Amino acid sequence: MRYRPDGTIQFLGRIDNQVKNRGFRIELGEIESALNQYQDVQVNVVIAREDKPGDQRLVAYLVSKSQQDINTTELCHFLEEKLPSYMLTAAFFILDKMPLTPNGKVDCKALPATDATTIWEASFVPPQTPKEQIIADIWADVLGQQKIGIYDTLIWEAIRS
């Protein structure tokens, strides 16, 4: 917070790593800590991106321990066991290396913008039944996505039960 020359107060934002996403206060370090427990993740950073105005999403940027790609489907299931649903990331972005500032910290401004449809393409599993297809079409329309797979949201658990 700072005072402007005209006497108004300007709020500059939080100095910690907490964000508010869909009504929940989320400490991004908790998500990063859970990701660090996964066997294939060497380094990660989680940020709240708002590539489209009004559409804030949690995105995880990951660097693999080995040269092999990280299995995002397994990683999703791993995080579902560790974190509440509102803390799950909307997308994973696999990087060769993290962009760093001259001080050696992660340069969040240099992280690439994400397109969730591209990121999830490798793990996309289409709806299997007519009922799933109808629900997927509705959610795709509501969320402004071209397609929704059966692992893209937790609503499928309610449909299948």
Side-chain angles (χ1 to χ4, degrees), residues 13-128 132 136 139-140 142-161:
R14 298 187 66 96
I15 58 172
D16 62 357
N17 212 9
Q18 189 180 81
V19 296
K20 189 170 184 179
N21 190 27
R22 295 188 173 104
F24 294 99
R25 290 229 176 262
I26 300 170
E27 185 66 44
L28 298 178
E30 290 182 45
I31 302 169
E32 292 170 355
S33 177
L35 284 166
N36 281 334
Q37 294 174 23
Y38 189 70
Q39 65 209 16
D40 294 336
V41 174
Q42 178 182 8
V43 180
N44 75 81
V45 66
V46 177
I47 63 171
R49 288 204 72 112
E50 192 168 344
D51 295 327
K52 294 183 207 173
D55 185 23
Q56 185 180 42
R57 295 178 182 207
L58 296 175
V59 178
Y61 293 87
L62 312 167
V63 175
S64 176
K65 283 184 180 175
S66 62
Q67 300 292 43
Q68 298 175 354
D69 285 337
I70 296 172
N71 184 332
T72 56
T73 305
E74 286 180 14
L75 183 55
C76 285
H77 294 302
F78 177 80
L79 289 178
E80 286 173 354
E81 295 174 5
K82 302 273 184 197
L83 300 170
S85 62
Y86 65 87
M87 291 179 73
L88 297 176
T89 57
F92 298 104
F93 201 88
I94 313 299
L95 301 173
D96 294 331
K97 64 179 184 172
M98 284 289 172
L100 301 176
T101 65
N103 296 339
K105 296 180 181 178
V106 176
D107 187 359
C108 291
K109 293 178 183 175
L111 293 169
T114 59
D115 178 12
T117 56
T118 304
I119 294 168
W120 289 114
E121 198 66 38
S123 62
F124 177 76
V125 178
Q128 307 293 315
E132 287 180 350
W139 277 106
V142 168
L143 298 173
Q145 299 291 322
Q146 291 191 3
K147 57 185 177 179
I148 300 287
I150 63 173
Y151 297 117
D152 292 347
T153 181
L154 298 176
I155 63 164
W156 297 114
E157 292 176 12
I159 293 170
R160 290 191 176 135
S161 60

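Quantities reported herein were computed from a predicted structural model and do not represent experimental measurements. Note: hydrogens, waters and symmetry copies are ignored here, and every other heavy atom, side chains too, is used. In what follows, residues are counted from 1 in the order of the sequence shown.
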Show the numbers, then the answer: is there a side chain to side chain contact (heavy atoms under 4.5 Å, CB included) between F78 and Q37? CA-CA 9 Å; F78 177 80; Q37 294 174 23; 3.8 Å; yes
Check against side chain to side chain contact (heavy atoms under 4.5 Å, CB included), M98 and V45: CA-CA 9 Å; M98 284 289 172; V45 66; 3.8 Å; yes
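By the 4.5 Å heavy-atom criterion applied to side chains, I31 and I26 are counted as neighbours. A heavy-atom distance below 4.5 Å is found between the side chains of L88 and E80. F24 is not listed as a side-chain neighbour of M87, based on a closest heavy-atom distance of 4.5 Å or more.
Remark: C108 SG to L28 CG distance equals 9.0 Å, nearest 0.5 Å. Here the CG atom belonging to L35 is positioned 11.5 Å from the NZ atom belonging to K82, to the nearest 0.5 angstrom. Of the inter-residue distances, the one linking R49 atom CZ with T89 atom OG1 reads 13.5 Å to the nearest 0.5 angstrom. In this structure, CD in E32 is found 9.0 Å from CD in E27, a value given to the nearest 0.5 Å. Between atom CZ of residue F93 and atom OG1 of residue T72 there is a gap of 13.0 Å, rounded to the nearest 0.5 Å. With rounding to the nearest 0.5 angstrom, the CG atom of L95 is 7.5 Å from the CG atom of L62.
A donor-acceptor pair under 3.5 Å links the side-chain atoms of Q128 to the main chain of P126, judged by distance alone. A donor-acceptor pair under 3.5 Å is absent between the side-chain atoms of Y38 and the main chain of I70, judged by distance alone. In this structure, the side chain of N71 engages the main chain of T73 through a donor-acceptor pair within 3.5 Å.
Residue A90 comes nearest to R57 through the heavy atom pair CB-CB, 3.9 Å, listed as atom of the first residue, atom of the second, then distance. The two residues V41 and K65 have their closest heavy-atom pair at O-CE, 3.3 Å. Smallest separation of non-hydrogen atoms from R25 and Y86: O-CE1, 4.4 Å. The two residues C76 and F92 come nearest to each other via the heavy atoms SG-CE1, 3.5 Å.
In this structure N36 satisfies the side chain to side chain donor-acceptor pair (under 3.5 Å) test together with N44, sequence neighbours excluded.
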